[in-house]
Number of protein chains: 2
Amino acid sequence: MVISIHLDSDTPLYEQLRNQIVIGIATGELAAEEKLPTVRQLAEDLGINTMTVNKAYSILKQEGYIVIDRRHGAKVSPRSTQTQDGSNHTAQLEEQLQLIIAQATIKGIDQSRFQALCSTIFAQMKYQH
Amino acid sequence: MVISIHLDSDTPLYEQLRNQIVIGIATGELAAEEKLPTVRQLAEDLGINTMTVNKAYSILKQEGYIVIDRRHGAKVSPRSTQTQDGSNHTAQLEEQLQLIIAQATIKGIDQSRFQALCSTIFAQMKYQH
DNA sequence: TCATATGTATTAATATATATAATACTTAGT
DNA sequence: ACTAAGTATTATATATATTAATACATATGA
């Protein structure tokens, strides 16, 4: 998977990494159980610090997106384990969505256009439980 | 409009303010042309610094959500002026949506449930151009 | 005219977040 | 034992966030 970072972005590097990997999992570009590059390798490829990559991996692990074992490195969590934390996801999703929809509404994007956009994006997601 | 901030949140105070005001405009809780509290007043009400509120207002102004004049303070932008900056909004919206939908997908929320959630939220938005 | 309330600007101080760097530790497979 | 993986430690530099105290500019209303 190709990961690109933008040093001039206002989004922290570790967060850019985290986001791109999450999207990679959802689109299926990163298959379940697939091995991720080592922290050292990815850091070198991107020209950034080891600990920055490590932070991204730690977050992904804590969020349940990946599993890590010392010897084999990091890999995408098996499909079955992704769903299990449950409750507060919906609340958080709802909050994020509310803000996005508020902004879209004010900027003149109506519901049908918004829903169409969602459909297009959903069509890219190959992840299957 | 009731604004509440959370000091323990990972979201900066000025951003919490900014977000809540944006949502307030979209839901219609803040009408177009409605006067916002003064920076000093809001800062005092919330028990935070004047400059933090000022930063939120500055961002909202720069984003076009509110207009400010020295004497009368800040007020919600008239409906007609909200739409005008145009182009990169959709791109930004698309990017935010992609991440949210990716996360939702992995967590097992399917498209129909997602769309239903969007509908519920859209129903709260009373803002009209 | 003139006091006043408004958003702003300035300057300083402090705390936290971000990123790099160099190095060492832990662990498990070969 | 060696090695490669994540992780921990320590230090440093920079940027961001927040508060604080104060002052400035300006347009309104008395």
Side-chain angles (χ1 to χ4, degrees), chain A residues 1 3-22 25 30 33-78 81, chain B residues 1 3-22 25 30 33-78 81:
Chain A
M1 177 189 178
I3 293 180
S4 57
I5 53 170
H6 301 279
L7 298 170
D8 58 332
S9 168
D10 51 346
T11 310
L13 299 180
Y14 71 85
E15 201 175 329
Q16 294 183 40
L17 285 182
R18 180 266 177 201
N19 291 346
Q20 290 188 45
I21 290 171
V22 169
I25 294 173
L30 290 171
E33 313 264 8
E34 179 171 342
K35 193 175 174 306
L36 295 174
T38 68
V39 280
R40 288 176 177 82
Q41 183 64 55
L42 189 49
E44 191 188 358
D45 288 353
L46 299 174
I48 62 177
N49 195 271
T50 313
M51 296 314 288
T52 306
V53 177
N54 184 65
K55 182 161 185 179
Y57 278 21
S58 297
I59 291 172
L60 288 163
K61 168 180 141 193
Q62 186 242 320
E63 293 176 326
Y65 291 112
I66 67 176
V67 290
I68 288 173
D69 96 87
R70 283 220 197 267
R71 177 58 173 174
H72 294 101
K75 63 173 187 178
V76 178
S77 294
T81 60
Chain B
M1 178 190 179
I3 292 181
S4 56
I5 54 171
H6 302 278
L7 297 170
D8 56 333
S9 168
D10 51 346
T11 310
L13 300 179
Y14 70 87
E15 200 175 329
Q16 294 181 42
L17 286 183
R18 178 265 178 203
N19 291 346
Q20 289 188 48
I21 290 171
V22 168
I25 294 173
L30 291 172
E33 313 262 11
E34 179 170 342
K35 192 175 173 308
L36 294 174
T38 69
V39 281
R40 287 175 178 80
Q41 184 63 55
L42 188 50
E44 191 188 358
D45 288 352
L46 299 174
I48 62 177
N49 194 271
T50 313
M51 297 313 289
T52 305
V53 178
N54 185 63
K55 181 160 185 178
Y57 279 20
S58 296
I59 291 172
L60 288 163
K61 170 180 141 195
Q62 186 242 320
E63 293 176 326
Y65 290 112
I66 66 176
V67 289
I68 288 173
D69 95 87
R70 283 220 198 266
R71 178 56 175 175
H72 294 100
K75 64 173 186 177
V76 178
S77 293
T81 60

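Quick caveat, the model's predicted, so the values are computed rather than measured.
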Residue among A:Thr50, A:Leu46, A:Asp45 satisfying side chain to side chain contact (heavy atoms under 4.5 Å, CB included) with A:Ile48: A:Leu46
Smallest separation among heavy atoms of B:Lys35 and B:His72, with atom names: CE-O, 3.1 Å
Name the closest nucleotide to the [X] side chain, picking from [options].
| X | options | value |
| --- | --- | --- |
| A:Tyr14 | D:dT7, C:dT8, C:dT18 | C:dT18 |
| B:His72 | D:dT28, D:dA5, D:dA17 | D:dT28 |
| B:Thr52 | D:dT19, C:dT18, C:dT6 | D:dT19 |
| B:Val39 | C:dG7, D:dG6, D:dT7 | C:dG7 |
| B:Ile68 | D:dT19, C:dT20, C:dG7 | C:dG7 |
| B:Met51 | D:dT18, C:dA19, D:dT19 | D:dT19 |
| A:Lys55 | C:dT20, C:dT18, D:dA5 | C:dT18 |
| A:Asn49 | C:dT20, C:dG7, D:dG6 | C:dT20 |
| B:Arg40 | D:dA23, D:dT18, D:dT7 | D:dA23 |

Any A:Lys61 side-chain nitrogen or oxygen under 4.0 Å from OP1 or OP2 of D:dT7: yes
Sugar-phosphate, base or nothing in reach of B:Lys35, heavy atoms under 4.0 Å: nothing
